[in-house]
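A quick write-up on the structure given underneath.
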Amino acid sequence: MNRRDALTRAAWLLGGTLSAPTLQAMNRWEQLVSNGRTSHQTNSFLTETQREIVARTAELIIPRTDTPGAIDAGVPAFIDLMLRDCYKKPVQDAFLTGLSDLERKNFLTLTPDQQTALLKQVEAEAQTSSSPTYWLLTKELTLLGYFTSEPGIKASFDYQPIPGKFVPIKIKPGQKDFMYGNQV
Amino acid sequence: MNLNIKADKAQTYDAIVIGSGMTGGWAAKELTEKGLNVLVLERGYELKHVADYKNAMKDPWEFPHRGRITNVAAEEHYATMFFSAKEGSQYLFANDKENPYIQKRPFNWIRAYHTGGKSLLWGKHTYRWNPQDFLANAKEGIGIDWPIRYEDLVPWYTYVEKFVGVSGQAEGLAVLPDSYFLPPMAMTAPEVHLKKSVAQKLNRPITIGRVAHLTKAMPQHLAVGRTDCQFRNRCTRGCPYGGYFSSLAATLPAARNTNRLTMVHNAIVKEILYDDKAQKAKGVRVIDQNTLEVREFYAKLIFLNAGTVGSTSILMNSKSSRFPNGMGNDSEQLGRNLMDHHLAIGARADVEGFENDYYFGARPGSLYIPRFRNWGTDKRSYLRGFGYQGGASRADWSRGAAETGFGADFKTRMTQPGPWKFSLTGFGEVLSNPNNRFYLSETETDKWGLPQLVFDADFGENERAMRKDIMNDAAEMLEAAGFKNVTPYDNPVAHMGLGIHEMGTARMGRDPKTSVLNKYNQVHACKNVFVTDGSGMTSSSNVNPSLTYMALTARAASYAVAQLKARNL
Ligand SMILES: Cc1cc2nc3c(=O)[nH]c(=O)nc-3n(C[C@H](O)[C@H](O)[C@H](O)COP(=O)(O)OP(=O)(O)OC[C@H]3O[C@@H](n4cnc5c(N)ncnc54)[C@H](O)[C@@H]3O)c2cc1C
Ligand code: SF4
């Protein structure tokens with residue numbers, strides 16, 4: 001059973017479903033995740049510079065607005081931890097390749113607009129890739145890290161750790177999504 | 001000498017129950033309530049209801065990996081990775097690396113070694129079998145006939161359901177007999193739409209899943225300390241409310257209330273001891289899982305409830321001059337006819353047109369679509385049928401990973417509910433086949449010196465033919481509802497064990513030459529040993545099995561106590 005089906009199964013057992021794009025993304029990664037060995041048991045997976053690029057990328061994905069951004073929510077450290085603990089060598093390598101590409105392009109010295117433009121390009125390229133890329137990994141982990149963090153959840157959602165009932169309702173205009181304690 | 005007699009006395013009970021999971025809990029409850037002093041032996045560690053559900057109340061951000069599977073966890077939990085390696089529930093699953101087994105053909109053996117067993121982990125889908133399920137083998141010449149009929153179980157189903165607490169909707173369907181129900185959970189708008197469309201266009205009924213959750217706690221539930229389900233859907237971390245049925249929250253407390261329950265943990269039952277002179281079992285031999293110390297316990301009555309594979313392997317390990325091939329194995333059927341349900345197959349779709357509809361709460365349950373193939377006038381090229389679980393929900397922020405775009409607008413968009421998605425997953429019946437089996441390895445042992453198990457089982461022609469329909473019929477129903485991008489799927493790696501409903505390896509039957517247990521789950525050739533978990537199942541139906549195991553256990557316990565009182569054991 002691959003990760004996609006594993007998670008789908010877990011999801012329906014618990015009465016939910018996963019979105020098709022999420023499933024697609026998970027499926028693409030699965031092949032690589034499954035055949036590689038663990039590496040990098042050191043404390044930090046990324047170097048200082050690499051971490052800065054990751055932080056900048058994450059912040060461009062989820063910027064600070066009237067609510068906290070990715071950096072406020074501790075996403076860079078989270079990505080570092082996840083890469084080290086939850087991914088195997090081929091995926092880690094794919095991530096590092098994309099990262100050094102940005103490093104070569106002096107990503108950190110570019111203006112915010114230039115950075116955004118460059119990441120749009122990176123994103124377009126990622127769309128055609130059948131394997132995990134720096135972009136896909138960073139985006140997925142930024143969303144996960146942010147929308148399950150305390151600041152991210154409290155600022156973005158109507159958090160209901162103990163809903164007490166299940167009822168069909170109508171959506172009010174502009175209503176925030178609910179978030180429950182079962183999100184992880 | 002004198003000392004020994006005293007020691008023996010101290011280790012002697014009226015009954016020993018092996019395993020404290022779904023069925024062991026029922027054996028303990030019934031036997032203690034009927035006046036017996038009962039010892040429950042549990043191989044795993046002690047887990048206390050409420051106090052030990054260490055992750056139940058945690059918020060998402062309290063998990064360092066936000067629940068995701070780490071490399072270390074994946075290595076240790078290979079069979080069960082997709083459930084068990086998750087941060088919140090990992091401690092409730094057995095570690096496969098420490099508890100190895102051999103796969104001659106691919107098999108996933110998913111276990112829970114602690115008080116409560118898998119009753120802490122189950123999906124809680126709770127269905128009665130129908131009368132045909134007990135007749136099909138005989139009619140179709142598959143395996144052997146059941147020694148009991150649906151009618152034999154009806155009072156026991158009702159008895160068990162009242163105590164368990166099953167939420168659901170009475171529908172009056174022959175294919176899915178109604179239970180004694182607590183109020184049903186609600187359906188979402190697209191689910192109601194699917195139900196209507198499928199009824200109109202395909203004439204198939206859909207009902208809300210029947211799940212062992214207290215949608216309205218009754219006095220019998222409150223009496224053991226259980227309260228209403230809070231719709232948090234964090235059940236696999238353990239439920240402090242006792243909102244779902246587990247032996248830990250329900251049957252074991254009931255047994256404890258009698259003051260006739262003794263529990264010993266970390267006690268791996270190695271074998272049942274046979275007394276040649278008396279021609280019955282006299283007790284069990286146990287290995288302490290931590291100290292490796294070997295102890296014996298004695299009783300007049302033994303209930304084997306270690307989970308299908310666990311119980312059957314204990315019988316295999318129980319060798320004596322009377323039973324050189326394992327206790328009760330005169331038929332050579334022990335370990336054979338291993339069945340499971342097949343899954344990892346179905347269809348998904350996008351739903352348009354319900355944008356203003358939503359739901360509040362995290363429902364720990366789904367829809368249920370009862371079997372419709374080979375039922376009534378429908379006739380297929382294969383035997384038996386399948387059902388579906390599934391439902392509709394709105395995509396959350398995680399959809400963003402596969403969408404293009406990033407930045408402030410993207411961030412705002414992810415805080416809104418996403419589009420509706422529908423998913424249906426089939427559960428199909430697997431036929432009894434003597435070549436689907438497991439046996440004891442002659443060379444490999446585990447760290448307690450017990451033989452490792454060798455699994456040798458796979459789906460056959462009938463299952464493969466059925467899978468095509470499971471996939472296509474799911475797509476057909478989603479299309480009947482007018483949903484978009486209907487995508488059927490069949491995971492080619494789906495194999496036995498993943499259905500987590502292993503059963504049949506010490507089957508019930510009328511003839512001791514072809515079966516291990518009689519119609520009361522009693523070992524034909526050793527009358528004071530009862531095996532009342534999934535081991536005894538003669539066929540597998542397509543609905544989830546645990547309710548039937550529980551009903552069989554309560555029935556067997558009642559019979560055993562009557563026999564004991566009549567001095568027949
Ligand atoms: C993720 C998951 C979802 C499921 N969903 C459903 C569902 O929706 N509906 C349904 O009907 N069923 C479901 N099941 C199946 C259900 O959990 C089992 O059918 C049920 O728990 C079986 O009960 P049991 O008493 O036979 O075994 P268990 O509940 O597993 O209990 C066996 C106990 O025996 C102990 N034991 C084992 N060996 C020994 C030994 N040698 N000595 C002493 N003790 C021993 C174990 O530690 C354990 O505590 C699901 C299972 C899983 C894993
Ligand atoms: S959903 Fe209900 S049964 Fe599950 S953990 Fe929450 S309260 Fe308990």
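Naming: A, B, ... by sequence-line order, numbering from 1 per chain.
Here B:Gly405 is the residue among B:Gly405, B:Ala408, B:Cys229 with the most heavy-atom pairs under 4.5 Å with chain A. In terms of heavy-atom pairs under 4.5 Å with chain B, the best-connected choice from A:Val167, A:Ile62, A:Ile153 is A:Val167.
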Given side-chain contact (heavy atoms from CB on, under 4.5 Å), test A:Phe178 with B:Tyr358 step by step and report yes or no.
CA-CA 10 Å; A:Phe178 298 111; B:Tyr358 202 21; 3.4 Å; yes
Take A:Met179 and B:Trp397, measure what side-chain contact (heavy atoms from CB on, under 4.5 Å) needs, and give me the verdict at the end.
CA-CA 10 Å; A:Met179 169 69 82; B:Trp397 51 266; 3.7 Å; yes
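For A:Lys172, no part lies near chain B; criterion is any non-hydrogen pair under 4.5 Å. Contacts of B:Met414 with chain A are made by both backbone and side-chain atoms, with heavy-atom separations under 4.5 Å. Looking at B:Phe63, only its side chain comes within 4.5 Å of chain A, counting heavy atoms on both sides. Interface residue B:Phe410: only side-chain heavy atoms are found under 4.5 Å from chain A. Looking at B:Phe354, there are no atoms closer than 4.5 Å to chain A (heavy atoms on both sides), in backbone or side chain. With a 4.5 Å cut-off on non-hydrogen atoms, B:Ala189 does not touch chain A at all. Interface residue A:Phe147: backbone and side-chain heavy atoms are both found under 4.5 Å from chain B. With a 4.5 angstrom heavy-atom cutoff, A:Thr142 does not touch chain B via any of its atoms.
Heavy atoms of other residues, nucleotides or ligands lying less than 6.0 angstrom from CZ of B:Arg413 number more than 12.
Heavy atoms only, all atoms of each residue included: A:Leu143 and B:Gly400 are closest at CD1-C, 3.4 Å. Across all non-hydrogen atoms, the minimal contact from B:Arg66 to A:Gly145 is NH1-O, 2.9 Å. Among all heavy-atom pairs drawn from A:Pro161 and B:Asp59, the shortest one is CB-OD1, 4.4 Å. Residue B:Ala401 comes nearest to A:Glu140 through the heavy atom pair CB-OE1, 3.3 Å, listed as atom of the first residue, atom of the second, then distance. Nearest heavy atoms, B:Gly361 versus A:Pro163: CA-CB, 3.7 Å. Of all non-hydrogen atoms in B:Ala186 and A:Pro168, the two that sit nearest each other are CB-CD, 3.7 Å.
Checked against the 6.0 Å centroid threshold, B:Phe406 and A:Trp135 count as a close aromatic pair. Side-chain rings of B:Tyr359 and A:Phe166 approach one another, their centers coming within less than 6.0 Å. Between A:Tyr159 and B:Trp61, the distance separating the two ring centers is shorter than 6.0 angstrom.
Rounding to the nearest 0.5 angstrom, the gap separating the OG1 atom in B:Thr188 from the CD1 atom in A:Ile169 is 12.0 Å. Rounding to the nearest 0.5 Å places OG1 of A:Thr148 at 12.0 Å from NE2 of B:His65. Considering CD of B:Gln416 and CD1 of A:Ile171, their distance stands at 8.0 Å, rounded to 0.5 Å. Remark: A:Lys89 NZ to B:Asn71 CG distance equals 13.0 Å, nearest 0.5 Å. With rounding to the nearest 0.5 angstrom, the CD atom of A:Gln183 is 8.0 Å from the OG atom of B:Ser398. Separation of atoms CD (A:Gln175) and OG1 (B:Thr415) is listed at 11.0 Å; rounding is to 0.5 Å.
Using modelled atom types and a 3.5 Å distance limit, the side chains of B:Lys411 and A:Ser156 yield no donor-acceptor pair.
Under a 4.0 Å N-O distance rule, the pair A:Lys170/B:Glu355 does not qualify as a salt bridge.
B:Arg68 is listed as a side-chain neighbour of A:Leu144, based on a closest heavy-atom distance under 4.5 Å. B:Arg232 places none of its side-chain heavy atoms less than 4.5 Å from the side chain of A:Asn182.
Not a single donor-acceptor pair under 3.5 Å links the side chain of A:Glu123 to the backbone N or O of B:Thr404. Under the 3.5 Å distance criterion, the side-chain polar atoms of B:Lys58 are left unmatched by any main-chain donor or acceptor of A:Gly181.
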